[in-house]
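Below: one structure, written as structure tokens.
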Amino acid sequence: MKIIIYMFIFVSLFTACDQSRGSYPAQVMWGDVIYTESAETVPSKDIGEQIGETNKRVHPLPKNNGEANSAEVGSKLYKIVGEDQQKAIAIKKDDVYFKATH
């Protein structure tokens, strides 16, 4: 019984030690605007012209244009038809377009 208690304490301490990374929203910065990626997808018919691509993956949060903390380097960024680019863009990941909003 003591072994189970010691194992529980050890596991609890071990998992609680690395909280330095924290939990951050998936974000990308483009055009001096930080966009937060959502799980909402954008149909390909609503994808406009490509406006750029990510050039650096950072942690915890992007600070410069082209940086992202979730999207891989080289992920394409697109305008969304009928949306103000200052409010929303699309990020292409694995042939799926995800909406990112400001």
Side-chain angles (χ1 to χ4, degrees):
M1 183 66 167
K2 285 184 180 180
I3 287 187
I4 293 173
I5 292 172
Y6 288 128
M7 287 179 62
F8 177 75
I9 292 170
F10 176 75
V11 170
S12 296
L13 289 173
F14 183 71
T15 58
C17 286
D18 186 20
Q19 298 202 5
S20 61
R21 294 188 65 98
S23 178
Y24 298 95
Q27 294 184 325
V28 62
M29 185 167 183
W30 189 259
D32 296 324
V33 176
I34 293 180
Y35 298 92
T36 301
E37 185 182 332
S38 71
E40 181 181 349
T41 59
V42 180
S44 58
K45 68 177 182 60
D46 293 336
I47 297 299
E49 68 180 87
Q50 181 179 335
I51 55 173
E53 64 182 57
T54 59
N55 58 31
K56 186 175 184 182
R57 192 160 181 189
V58 297
H59 183 79
L61 298 171
K63 295 178 183 163
N64 299 301
N65 290 323
E67 294 181 347
N69 65 356
S70 174
E72 296 294 327
V73 170
S75 295
K76 309 279 190 254
L77 308 174
Y78 295 88
K79 287 184 179 181
I80 300 174
V81 175
E83 295 263 358
D84 180 355
Q85 182 178 329
Q86 292 296 310
K87 294 183 180 178
I89 62 172
I91 302 171
K92 186 177 182 182
K93 292 181 168 182
D94 298 323
D95 296 324
V96 177
Y97 299 96
F98 290 94
K99 189 172 190 176
T101 58
H102 172 68

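Just so it is clear, the model here is predicted, and its values are computed rather than measured.
Listed by first and then second residue, the side chain to side chain donor-acceptor pair (under 3.5 Å) pairs that reach into residues 63-73 are Asp32-Asn65, Arg57-Glu72, Asn64-Glu67, Ser70-Lys93, sequence neighbours excluded. Note on residues 79-89: pairs passing side chain to side chain donor-acceptor pair (under 3.5 Å), not counting sequence neighbours, are Glu83-Lys99. Within the structure, ring pair (Phe, Tyr, Trp, His ring centres under 6.0 Å) contacts touching residues 67-102 (residues at least two apart or in different chains) are Tyr78-Tyr97. Sorted by first and then second residue, the pairs that involve residues 41-55 and meet side chain to side chain donor-acceptor pair (under 3.5 Å), not counting sequence neighbours, are Glu53-Lys76.
Under the side chain to side chain donor-acceptor pair (under 3.5 Å) criterion, Ser75 pairs with no residue, sequence neighbours left out.
Nearest heavy-atom pair across Leu61 and Gln27 is CD2-OE1, 3.3 Å. The nearest pair of heavy atoms linking Val42 to Ala90 is CG2-CB, 4.5 Å. Heavy atoms only, all atoms of each residue included: Ala88 and Thr101 are closest at CB-CG2, 4.1 Å.
Cluster partners of Leu77, using a side-chain heavy-atom cutoff of under 4.5 Å among ILVMFWY residues and allowing indirect links, are Val28, Trp30, Val33, Tyr35, Ile51, Ile89, Ile91.
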